[in-house]
J.: 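I am attaching a structure below and will ask some questions about it afterwards.
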Amino acid sequence: MDHDNQLTADVIVIGFGKGGKTAARVLADAGRSVVLVERSANMYGGTCPNVGCVPSKMLVHYSGERRLEDDAQEFFAKSIAGVRELTTAFRAGNFAAIDGRPTAMVLTGTARFLDEHTVSVGEGDDAVTVTGATILINTGSEAIVPAVPGLAESTRLVSSTELIQNDHLPRRLVVIGGGYLGLEFASIYRHFGAEVTVLESAERLLPREDDDVAAAVTGILAGDGIRIITGATVLDVRDEEAGSIVRYEVDGDSGEVEADALLPATGRRPVIEGLGLEAAGVELTERGGIRVDEHLRTSRPHIFALGDVNGGEQFTYISLDDARIVLDQLLGSGERATTDRVAVPHTLFTTPPLATVGLTERRARTEGRRVRVARENVADIVAMPRAYAMEETRGLMKFIVDSDTDLILGAALLSIDAQELVNTVALAMRHGITATQLRDSIYTHPSSTEAFNEVFDNIVSEA
Ligand SMILES: Cc1cc2nc3c(=O)[nH]c(=O)nc-3n(C[C@H](O)[C@H](O)[C@H](O)COP(=O)(O)OP(=O)(O)OC[C@H]3O[C@@H](n4cnc5c(N)ncnc54)[C@H](O)[C@@H]3O)c2cc1C
Ligand SMILES: NC(=O)c1ccc[n+]([C@@H]2O[C@H](COP(=O)([O-])OP(=O)(O)OC[C@H]3O[C@@H](n4cnc5c(N)ncnc54)[C@H](O)[C@@H]3O)[C@@H](O)[C@H]2O)c1
C-alpha cells in the first residue's frame, strides 16, 4: 500500500457486510492485502449486528421479559440501552477483527468505482483512491418506501433502524407490510406495550406458507393483541397534530388508523446507487440487483457481489455462504456454487418463532408428489414437556414426508426453539436422513427436539 491517498491492494471489499467481512478476514489470513471500505463508522460489521438481526432479536428477548407491572416506557428505554451497549461492543469487535490484521485495513467512506480496478473513497481533498486486482461488492440492501401519497413526507415515518434506536416507545405503531420485518417488529412492539396495526396487501399473512400454518401464526399475533388487516391497499397518509392518519381500503371499504410511528416493511432493495457500476462495466438484473453467475462473479469476472446486493435471498447466513463461494474461487478449488444449496431454512422471529425449510404441503402436492403429512399442536406433544416448563405451548409442528422414500420434503415449526430445531431438520434433509431415523433418534431431555420422537407418528393425511 503506497501513498496516504493512493492505495493498492490485492483485494478491495466494498461494504462491511457478513460476506465481505468474512472473506476479508480469511483473505488477510492467507496473506493477501485487503482494503475494506465502509461508508459509516456506525456500521462496522454491517446491517446484522448494528441495525438488523442482532438488535431486533435482542428486542424480541427483552420484550418477552416485560412484566405487566413494569412501566412500559421505562422498560423500553432500558431495553434500547441494552441493545446499544451490545451493538457498540460488536461494532468495535468487528472493526478490530479486520483492521487489527497485519495485511488488512478498514477505510471509512463511501466507495465509488472509477474504473473496473479502481475505487474512490470519500470526497474532496480527503478522497482516497484504491486500486485492486479483485473487488468484492457487499453493499447490502435498503428499505423500500412504498409510493403512498403523504407517506414519504410524514413526520412519523420511521425506518427499522430509527425505530430500534429511539428509546421512546411509540404508543401506536402502524406497520405497512406483514412479511419478515413487519411481523417481527409488530410482535416486538406489541410485547413492549404499543398498540400495533399491520396493514398487509396480500389476502392473508404469509401467503407462501400452508393455510394451517399461516392461520396459526395469525391467531397467535391476533391473540397477543396485534390488529391485522389483510387485503389492504394503503391509500394515503395525512399528518395531524395528534397523529398520522393512515387511510386504507379493503374490498372497496375504506378505513383509517392513527399512528405515532409508521414503519414501511414492504421489502428491501439492493444498494447500488452512487456505486458507479457503469464505470466498472458491472451489469444489473432486471430487478435491480447486481447480476452474478453461480460463483458470484459479476459481468466483470474479477469483481464479485455478495449478500443482499446480488438480488438473492436477503439473509445473513446467505451472505455468509456467498463468502464461502467467493473464497473457494479465490483460494480453493472453485467448485462451490449457489446451485449447491439444499434445504435452506428460514426463521421468522415472532413469539414463538416460525421456522420453515423445504416444501410446503401445498407445493409438494402441486408438484404431484405422494406425501405423508404429520402435524401436532405444541400443546398436545406429550414428548415435549419443555414447552410447558417454559410456559410457551402455542404453535404447531408440521412435517411433509415423501411417502415413497420416507425422506423429509419440508417442515414448518411454529414453536419455542424453532430457530434451533429447524437446523436439525435441514441437516437431515441435506444428508438423506429419513423421517423414521429422525423420529427414532435419542435426544436430550427436556428439550424441544424430543418432539420429533412423537410428531412424525401424528399423521394427519397421506396420499
Ligand atoms: C431489522 C432487520 C432484521 C433482520 N433480521 C434478520 C435475521 O434475524 N436473520 C437473518 O438472517 N437476516 C436478517 N435480516 C437480513 C440481514 O440483516 C441481511 O440479509 C444481511 O445483513 C445482509 O448482509 P450483507 O452482507 O448483504 O450486507 P450488509 O450487512 O447490509 O452490509 C452492507 C454494508 O455496506 C455499506 N455500504 C453500502 N454502500 C456502500 C458504499 N458505496 N461504500 C461503502 N460502504 C457501503 C453499508 O453501510 C453496510 O454497512 C434482517 C434485516 C433487517 C433490516
Ligand atoms: N428473521 C429474519 O431472517 C429476517 C427478519 C427481518 C428481515 N429479514 C429479511 O429482510 C427482508 C425484507 O423484509 P420485509 O419484511 O421488508 O420484506 P418481505 O418481502 O419479507 O415482506 C414484505 C411484505 O409486505 C407486503 N407488501 C408489499 N407491498 C405492500 C404495500 N404497498 N402495502 C401493504 N403490504 C405490502 C408483501 O405482501 C409482504 O408480505 C426479508 O425478506 C428478509 O429476507 C429477515
Side-chain angles (χ1 to χ4, degrees), residues 42 49-91 143 154-178 180-199 217-229 237 239-246 256-265 348-353 387-395 416-417 419:
N42 291 325
N50 289 297
V51 297
C53 337
V54 174
S56 61
K57 268 77 251 185
M58 198 177 192
L59 289 177
V60 171
H61 163 67
Y62 279 134
S63 66
E65 300 278 290
R66 187 175 81 92
R67 297 159 308 169
L68 280 179
E69 60 269 30
D70 289 322
D71 176 80
Q73 270 310 337
E74 210 178 291
F75 187 86
F76 183 71
K78 255 182 21 201
S79 302
I80 295 295
V83 167
R84 236 175 248 156
E85 203 178 310
L86 183 71
T87 52
T88 304
F90 278 7
R91 199 156 42 245
S154 172
T155 55
R156 279 135 190 142
L157 175 76
V158 287
S159 64
S160 60
T161 301
E162 288 161 340
L163 199 57
I164 58 176
Q165 287 175 346
N166 188 342
D167 59 12
H168 178 78
L169 178 70
R171 187 166 69 80
R172 298 160 303 179
L173 171 67
V174 171
V175 182
I176 304 178
Y180 271 84
L181 207 143
L183 293 184
E184 288 185 0
F185 276 69
S187 179
I188 292 167
Y189 282 80
R190 179 65 201 140
H191 284 111
F192 274 123
E195 287 170 29
V196 179
T197 304
V198 176
L199 294 167
V217 175
T218 307
I220 288 172
L221 295 174
D224 281 342
I226 297 168
R227 191 167 164 225
I228 297 163
I229 302 171
V237 174
D239 276 2
E240 297 207 341
E241 207 173 318
S244 296
I245 315 291
V246 184
E256 286 187 353
V257 55
E258 218 168 314
D260 300 304
L262 247 172
L263 174 69
L348 168 70
F349 286 86
T350 46
T351 305
Y388 280 91
M390 299 304 290
E391 300 182 304
E392 180 54 274
T393 56
R394 296 177 297 174
I416 182 169
D417 300 330
Q419 78 280 9

J.: Taking the side chain as every heavy atom from C-beta outward, state whether S160 and V51 have any pair of such atoms under 4.5 Å apart.
T.: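 When only atoms from C-beta onward are counted, V51 and S160 do not touch, as no gap falls below 4.5 Å.
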J.: Answer yes or no: is there a side-chain heavy-atom contact under 4.5 Å between R156 and V237?
T.: no
J.: Could you report the tightest heavy-atom contact between S56 and C53, atom names first, then the distance?
T.: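 Result for this residue pair: OG-O, 3.1 Å.
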J.: Taking E195 for its side chain and T197 for its backbone only, find out whether a donor-acceptor pair lies under 3.5 Å.
T.: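 Absent.
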J.: Which atom pair, heavy atoms only, marks the closest approach of P264 to L157?
T.: CG-CD1, 3.5 Å
J.: Could you check I226, I220, L221, V60 and say which one makes a side-chain contact (heavy atoms from CB on, under 4.5 Å) with T350?
T.: L221
J.: Counting only heavy atoms from other residues, nucleotides and ligands, does the tally under 6.0 Å from CD of E69 exceed 12?
T.: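 Yes, CD of E69 has more than 12 neighbouring heavy atoms, counting only those of other groups under 6.0 Å.
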J.: Give the intermediate values and the outcome of side-chain contact (heavy atoms from CB on, under 4.5 Å) for residues E392 and T351.
T.: CA-CA 9 Å; E392 180 54 274; T351 305; 3.8 Å; yes
J.: Step by step, would you call R91 with N42 a side chain to side chain donor-acceptor pair (under 3.5 Å)?
T.: CA-CA 8 Å; R91 199 156 42 245; N42 291 325; 4.7 Å; no
J.: Do side-chain atoms of D260 reach the backbone of R172 as a donor and acceptor pair under 3.5 angstrom?
T.: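 Yes.
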J.: Could you pull out all donor-acceptor pairs under 3.5 Å where a side-chain atom in residues 80-88 meets a protein atom, sequence neighbours excluded?
T.:
residue	atom	partner	partner atom	Å
R84	NH2	Q165	O	2.9
T87	OG1	V83	O	3.0
T87	OG1	R84	O	3.1
T88	OG1	R84	O	2.6

J.: Roughly how far, to the nearest 0.5 Å, is the CG atom of D167 from the NZ atom of K78?
T.: 13.0 Å
J.: Considering only distance and modelled atom types, tabulate donor-acceptor pairs under 3.5 Å from the side chains of residues 181-194, sequence neighbours left out.
T.:
residue	atom	partner	partner atom	Å
E184	OE1	K57	NZ	2.6
E184	OE2	F349	N	2.8
Y189	OH	L163	O	3.2
R190	NE	D224	O	2.9
R190	NH1	A194	O	2.7
H191	ND1	S187	O	2.8
H191	NE2	D224	OD2	3.3

J.: I need the minimum non-hydrogen distance between A222 and I228, along with the two atoms involved.
T.: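 Looking at all heavy atoms of both residues, the shortest contact is N-CD1, 4.1 Å.
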J.: State whether the number of non-hydrogen atoms from other residues, nucleotides or ligands found under 6.0 Å of E74 atom CD is greater than 12.
T.: no
J.: Considering all heavy atoms of both residues, which atom of N166 and which atom of F76 are nearest to each other, and what is their separation?
T.: O-CE2, 3.3 Å
J.: Looking at residues at least two apart in the chain, or sitting in another chain, which of them share a salt bridge (Lys or Arg N to Asp or Glu O under 4.0 Å) with E65?
T.: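 Checked E65 against salt bridge (Lys or Arg N to Asp or Glu O under 4.0 Å); zero matches.
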J.: List the atom of S244, the atom of L262, and the distance in Å for their closest heavy-atom pair.
T.: CB-CD1, 4.3 Å
J.: Assess whether side-chain contact (heavy atoms from CB on, under 4.5 Å) is satisfied between L173 and L263, documenting all intermediate values.
T.: CA-CA 7 Å; L173 171 67; L263 174 69; 4.2 Å; yes
J.: Is it true that, when you exclude E256 itself, more than 12 heavy atoms of the residues, nucleotides or ligands shown sit nearer than 6.0 Å to its CD?
T.: yes
J.: Taking all non-hydrogen atoms of both residues, which atom of L59 and which atom of I164 are closest, and how far apart?
T.: CD1-CG2, 3.4 Å
